[in-house]
Amino acid sequence: MNSFSRQALDAARRAFDIEAQAISACMDRMDWDAFGRAVTLLAQAPRIAASGCGHSGIACRHFAHLMCCIERPARFLSPAEAVHGGMGFLQAGDALLLASRGGKTAELLPMLDIARTKGASVIAVTEDGASPMAQGAGVWLPMYVTRECDKYNSQGTTSNAVLNAIFDALQTALIEQTGYQQSQFALIHPGGAVGQRLNRR
């Protein structure tokens, strides 16, 4: 294998620029009224589920963990398992967050219909406001992706970064909305360097 090339270095630097620009552009295009409604729904929901496919699904796992870290009971629902009984997790008043850049992911649309029938709130995070997912959800949060990082514009890189930025922003807002305290987090996070710092007397 050749040594690290100038082309590879330039591509790596561009990746940072592309993702930073996309996150900034997404913030500028965010519907903050819708964002506020999403925060309210998540704060009030007894339980939260999140689902997506591919990179979106991986980001949704991160989102579910973020919710648990501020004691909003949450789990990732596999799209495959959801339509084979997994949707039984959701009850009336709960919240389901669905993420899909195109908003047409076939595996997610039945989940949206089931959630609505059961009386759970649906938050859709997608780039296409005219998509079935955005139109069917109670709240649509727009994501915006300038382009993916790779030269073929095909890997879910920037998409993943933007989704995670939205999810991080939701958690940050929920901390304020619910009055969540660092002492509460210290109790459930005794492990690692963070746990040692938080629980130091």
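Below, all heavy atoms of this structure are taken into account, side chains as well, without hydrogens, waters or symmetry copies. Just so you know, these numbers come straight off a predicted model, no measurement behind them. Counting begins at 1 with the first residue of the sequence.
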field: Heavy-atom side-chain proximity of Leu77 to Glu81 below 4.5 angstrom
entry: no
field: Listed once per pair and sorted, the ring-ring contact (aromatic ring centres under 6.0 Å, His included) pairs that draw on residues 107-166, sequence neighbours left out
entry: none
query: Less than 4.5 Å apart, any side-chain heavy atom of Ile123 and any of Leu42?
result: yes
- prompt: Does His55 have any side-chain hydrogen bond (donor to acceptor under 3.5 Å, both in side chains) partners at least two apart in sequence or in another chain, and if so, which?
  reply: none
- request: Measure the spacing between CD1 of Ile70 and OH of Tyr180 and express it to the nearest 0.5 Å.
  value: 7.5 Å
field: Where Thr126 and Gly103 come nearest, the two heavy atoms and their spacing
entry: OG1-N, 3.1 Å
- request: Measure the CD-CG distance between Gln155 and Asp150 for me, rounded to the nearest 0.5 Å.
  value: 5.0 Å
query: Do Ile58 and Leu141 belong together in a cluster built from hydrophobic side chains that touch within less than 4.5 Å?
result: no
query: Hey, are Arg6 and Asp10 close enough for a salt bridge, meaning a charged N less than 4.0 Å from a carboxylate O?
result: yes
- prompt: For atom CZ of Arg61, is the number of surrounding heavy atoms from other residues, nucleotides or ligands below 6.0 Å larger than 12?
  reply: no
- prompt: Within a reach of under 6.0 Å around NE2 of His62, are more than 12 heavy atoms found that belong to other residues, nucleotides or ligands?
  reply: yes
- request: Check whether any side-chain heavy atom of Arg29 lies under 4.5 Å from a side-chain heavy atom of Pro142, and answer yes or no.
  value: no
- request: Taking all non-hydrogen atoms of both residues into account, name the closest pair between Asp128 and Gly102 and its distance.
  value: CB-O, 3.6 Å
- prompt: Atom OG of Ser159 and atom CD of Glu127: how far apart are they, to the nearest 0.5 Å?
  reply: 7.0 Å
side-chain hydrogen bond (donor to acceptor under 3.5 Å, both in side chains) involving Asp33 - partner list, sequence neighbours excluded: none
query: Are any side-chain N or O atoms of Gln177 and backbone N or O atoms of Thr40, one a donor and one an acceptor, separated by less than 3.5 Å?
result: no
- request: Look at the side-chain heavy atoms of Ile, Leu, Val, Met, Phe, Trp and Tyr, link any pair under 4.5 Å apart, and say whether Phe76 and Leu112 land in one connected group.
  value: no
- prompt: Got a sec, which residues hit salt bridge (Lys or Arg N to Asp or Glu O under 4.0 Å) with Glu148, two or more places apart in sequence or on another chain?
  reply: Arg101
- line: Nearest heavy-atom contact between Pro132 and Leu109 is CB-CD2, 4.0 Å
message: Please evaluate residues Cys149 and Arg14 with respect to the criterion side chain to side chain contact (heavy atoms under 4.5 Å, CB included), reporting the C-alpha separation (whole Å), side-chain torsions for both, the decisive distance (0.1 Å), and the verdict.
response: CA-CA 7 Å; Cys149 290; Arg14 282 196 302 274; over 6 Å; no
message: Under the side chain to side chain contact (heavy atoms under 4.5 Å, CB included) test against Asn160, which residue among Val162, Asn164, Thr157 passes?
response: Asn164
Side-chain donor-acceptor pairs under 3.5 Å in residues 18-25, sequence neighbours left out?
none

Validation: residues 82-99 side-chain donor-acceptor distances under 3.5 Å, sequence neighbours left out:
from: Gln91; atom 1: NE2; to: Gly88; atom 2: O; distance (Å): 2.9
from: Asp94; atom 1: OD1; to: Arg47; atom 2: N; distance (Å): 3.2
from: Asp94; atom 1: OD2; to: Arg47; atom 2: NE; distance (Å): 3.3
from: Asp94; atom 1: OD2; to: Arg47; atom 2: NH2; distance (Å): 3.3
from: Asp94; atom 1: OD2; to: Gln91; atom 2: N; distance (Å): 2.8

- prompt: Does the side chain of Cys60 come within less than 4.5 Å of Ser51's, by heavy atoms?
  reply: no
task: Could you tell me which non-hydrogen atom of Pro79 sits nearest to which non-hydrogen atom of Glu107, and how far apart they are?
output: CB-CB, 3.8 Å
field: Thr158/Arg147 under side chain to side chain contact (heavy atoms under 4.5 Å, CB included): CA gap, chis, key distance, verdict
entry: CA-CA 7 Å; Thr158 311; Arg147 60 158 292 133; 5.7 Å; no
task: Could you walk me through whether Met133 and Thr105 pass side chain to side chain contact (heavy atoms under 4.5 Å, CB included), step by step?
output: CA-CA 8 Å; Met133 205 170 84; Thr105 304; 5.8 Å; no
- prompt: Which heavy atom in Ala137 sits nearest to a heavy atom in Ala124, and how many Å separate them?
  reply: CB-CB, 3.6 Å
task: Answer yes if Val39 and Val125 sit in the same cluster of Ile, Leu, Val, Met, Phe, Trp and Tyr residues linked by side chain heavy atoms under 4.5 Å apart, and no otherwise.
output: yes
- prompt: Which pair of non-hydrogen atoms, one from Ala173 and one from Phe35, has the smallest distance, and what is that distance?
  reply: CB-CE2, 3.9 Å
message: Quick check on the hydrophobic clustering: are Ile166 and Val122 connected, directly or via other members, by side-chain heavy-atom contacts under 4.5 Å?
response: no
message: To the nearest 0.5 Å, what is the distance between CZ on Phe63 and CZ on Arg72?
response: 10.5 Å
query: Counting distance only, does the side-chain N/O of Gln181 pair as donor-acceptor with the main-chain N or O of Gly179 below 3.5 Å?
result: yes
- prompt: If Ile, Leu, Val, Met, Phe, Trp and Tyr residues are connected whenever their side-chain heavy atoms lie under 4.5 Å apart, and connections chain through other members, are Val139 and Phe167 in the same group?
  reply: yes
